[in-house]
Amino acid sequence: MDFMSTVKGSLLEGFYPEGWDMARIDACCEKGVAREGFWNKEFNPVECKDIHEFDVLMGHEIALQIKKTREEGRKLAMILPVGPMGMYRWASYFITEWKLPCDHVYTFNMDEWSDADGNTLPNTNPASFEYSMKEAFFNKLGEYTIPEAQRNFATKDNLPTYEGKIKALKAEGAKLVLVYGIGRMCHIAFWEPQFATDYKSDEEWKQATHRIGAKLHPLTIEQNALTSFKSRTTLVPCRANTIGPGLFLQADYAIGGADGVLGRGMGWQGMSFLTTLHYGPDRHITSTYIPTLPGRLFYLSELAGPLTAECN
C-alpha cells in the first residue's frame, strides 16, 4: 500500500503543498547522503555523531567565516537563524578565545514571529528571536561583539530594508554567508513551500526577497511546538515575517544544520534532510535549492537513515 492511496478521502487530502511528488520524496528517503550531480561542487554534508559534536563543528564554521573575512579585510554579512541554536555558544567561545573583533560583521536575522500585519513580539519577550539572539550570541561576545547598529531583526519596518543593505554591502566587497536550519516542511527561514503557487515561474519566485505576516504551515507550527515550546501549541504564533529566496539564494557560502533527533529512535527531520539532498531544485520544496550553494551542511548521523518504522 502506497501513501498516496491512503490520502484520498482522508483529512490529509489537500494538506500537503501543491507540487509535492510524494513518491519522489519517498525515494529520496532511501538514498542516504550519496552525492548528486546537481550539487554545487563546493557543497558538502558533514556527519556528526552526536549533538555535542554538531554544536562545536557548526559553531567553529561560523567563527571561522568571521575570522577569514577579517583577515581578508572584507566586511561580512550574515543571515542568521534562531534554530538550530547550540552552535552560537561555540561560535562565541572561539571568537572570544581568538580575541576576534566583530566590528566588520553585519547580521540579518532571517525571520521573526508576527501577527497577520507583521507586528512582532516585544524584544524583551523570551520567545522573540531578537531576545534569543542577544542571549545566545551577541551578549556572549563581550568586547568583541557585533555593533548594535549592524544587527538587523525582521520587524515589519526593517525587513524590507534588508535587500538594499545587503546589496550595498556586497557592492563594497562584503561576503554574504547564510546560516540556516531545515524545517519539517523543508522551509528555509519561514519561506514555506505553499508560497510557490503565488509565483508564475521559478525566476519570479527566486526574486522574492521577503514576506510580512506570512501564514505558516500547520506542520511548521507543530514542529516549533515540539522544539521550542515544550509541546504547547497554543503559544506558537501562526505567522511570521521572513526573508525569501531573493536574499538567501544570493549567499556566497552557506552553513547549515540538521539536528532534528528527539532520542529513543524518534526524530522529525530525516525526511526533510534527505529530500533537501536528493529531490533536485524545485520551488515547491524550498530547501531543495540548498545543495546548489557552496558550503557545509552539518547533520546528525541518525537523520541519514534508514528511515523505517519503529515502535518507541
Side-chain angles (χ1 to χ4, degrees), residues 38-40 42-45 58 61-62 65 69 75-85 87 105-112 114 129 133 151-155 158-171 174-196 198-199 201-212 214 216-217 220 240-258 272-273 275-277 279-299:
F38 65 85
W39 289 9
N40 186 292
E42 296 180 20
F43 170 78
N44 292 291
M58 193 171 176
E61 190 71 13
I62 291 170
Q65 289 299 315
T69 49
K75 291 182 178 180
L76 173 63
M78 301 192 85
I79 297 174
L80 298 176
V82 176
M85 287 292 281
M87 72 280 189
V105 180
Y106 295 73
T107 61
F108 297 84
N109 261 78
M110 58 173 48
D111 45 25
E112 181 61 270
S114 78
F129 293 170
M133 286 301 302
R151 307 173 191 171
N152 289 274
F153 299 98
T155 64
N158 195 44
L159 180 58
T161 72
Y162 280 21
E163 180 183 16
K165 290 176 179 177
I166 290 173
K167 184 177 181 180
L169 286 165
K170 293 194 81 170
K175 184 176 187 177
L176 177 61
V177 171
L178 167 69
V179 184
Y180 66 92
I182 300 168
R184 170 66 176 162
M185 293 303 293
C186 294
H187 64 223
I188 299 298
F190 276 132
W191 197 264
E192 299 281 38
Q194 68 269 18
F195 300 166
D198 295 338
Y199 302 91
S201 66
D202 290 348
E203 288 310 309
E204 184 182 355
W205 178 88
K206 288 178 182 179
Q207 292 171 13
T209 58
H210 67 282
R211 284 197 177 206
I212 301 294
L216 304 177
H217 192 278
T220 295
N241 299 335
T242 181
I243 65 165
L247 296 184
F248 62 73
L249 291 182
Q250 290 186 39
D252 300 304
Y253 191 80
I255 303 168
S272 307
F273 169 65
T275 300
T276 297
L277 293 184
Y279 196 92
D282 189 310
R283 76 175 189 268
H284 297 277
I285 307 181
T286 313
S287 65
T288 56
Y289 279 87
I290 283 297
T292 68
L293 300 173
R296 292 180 173 179
L297 172 51
F298 298 90
Y299 70 95

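Count residues from 1 along the sequence.
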- Task: Run through L176, T161, L169, L247 and flag the one making a side-chain contact (heavy atoms from CB on, under 4.5 Å) with F108.
- Result: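 The passing option is L169.
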- Do you know which of T275, T288, D202 makes side-chain contact (heavy atoms from CB on, under 4.5 Å) with D282?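 Of all the options given, the one that passes is T288.
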- In this structure, are over 12 heavy atoms from other groups packed under 6.0 Å from E163 atom CD?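 It does not: E163 CD has 12 such atoms or fewer within range.
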Within the side chain of [X], is there an N or O that forms a donor-acceptor pair under 3.5 Å with the backbone of [Y]?
X    : Y    : result
N109 : A154 : no
S272 : R184 : yes
Q65  : E61  : no

Rounded to the nearest 0.5 Å, how far apart are [atom1] of [X] and [atom2] of [Y]?
X    : Y    : atom1 : atom2 : value
I285 : M185 : CD1   : CE    : 9.0 Å
N152 : I79  : CG    : CD1   : 10.5 Å
L178 : I188 : CG    : CD1   : 7.0 Å
S287 : Y180 : OG    : OH    : 8.5 Å
E42  : L293 : CD    : CG    : 11.5 Å
Y162 : F153 : OH    : CZ    : 8.0 Å

Taking all atoms of both residues into account, what is the closest heavy-atom pair of [X] and [Y], and its distance?
X    : Y    : result
T276 : P291 : O-CG, 3.2 Å
E192 : H217 : OE2-N, 2.8 Å
K175 : L76  : O-CD1, 3.4 Å
N241 : T155 : ND2-C, 3.8 Å
M87  : V179 : CE-CG1, 4.2 Å
L297 : L277 : CD2-CD2, 4.1 Å

- Task: Please name the residue in the list W191, W205, F38 that meets the ring-ring contact (aromatic ring centres under 6.0 Å, His included) test with Y289.
- Result: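 Exactly one pass, corresponding to W205.
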- Please work out whether the ring planes of F129 and F190 are parallel, tilted or perpendicular, with thresholds of 30° and 60°.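 F129 and F190: parallel rings.
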- Pairing residues for K167 by the salt bridge (charged side-chain N to carboxylate O under 4.0 Å, His left out) criterion, not counting sequence neighbours: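 Partners of K167 by the salt bridge (charged side-chain N to carboxylate O under 4.0 Å, His left out) criterion come out as none, since no residue qualifies.
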- Query: Side chains of D111 and I243: closer than 4.5 Å at any heavy-atom pair?
  - Reply: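 Answer no - side chains too far apart.
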- Item | Test item: M78 and I62 side chains (from C-beta on) under 4.5 Å apart, heavy atoms |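 With C-beta onward as the side chain, the pair touches.
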- Is NZ or CZ of R283 both nearer than 6.0 Å to the six-membered ring centre of Y199 and within 45° of the ring axis?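 Geometry flag: not set, cation outside 6.0 Å or 45°.
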- Message: Tell me whether the NZ or CZ atom of K75 lies within the 45° cone about the ring axis of Y106 and under 6.0 Å from its centre.
- Response: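 Relative to the ring axis of Y106, which defines the angle, K75 lies outside at least one limit.
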- Task: Begin with the C-alpha distance, continue with both residues' side-chain angles, and end with the deciding distance and a verdict on side chain to side chain contact (heavy atoms under 4.5 Å, CB included) for E203 and K206.
- Result: CA-CA 5 Å; E203 288 310 309; K206 288 178 182 179; 3.7 Å; yes
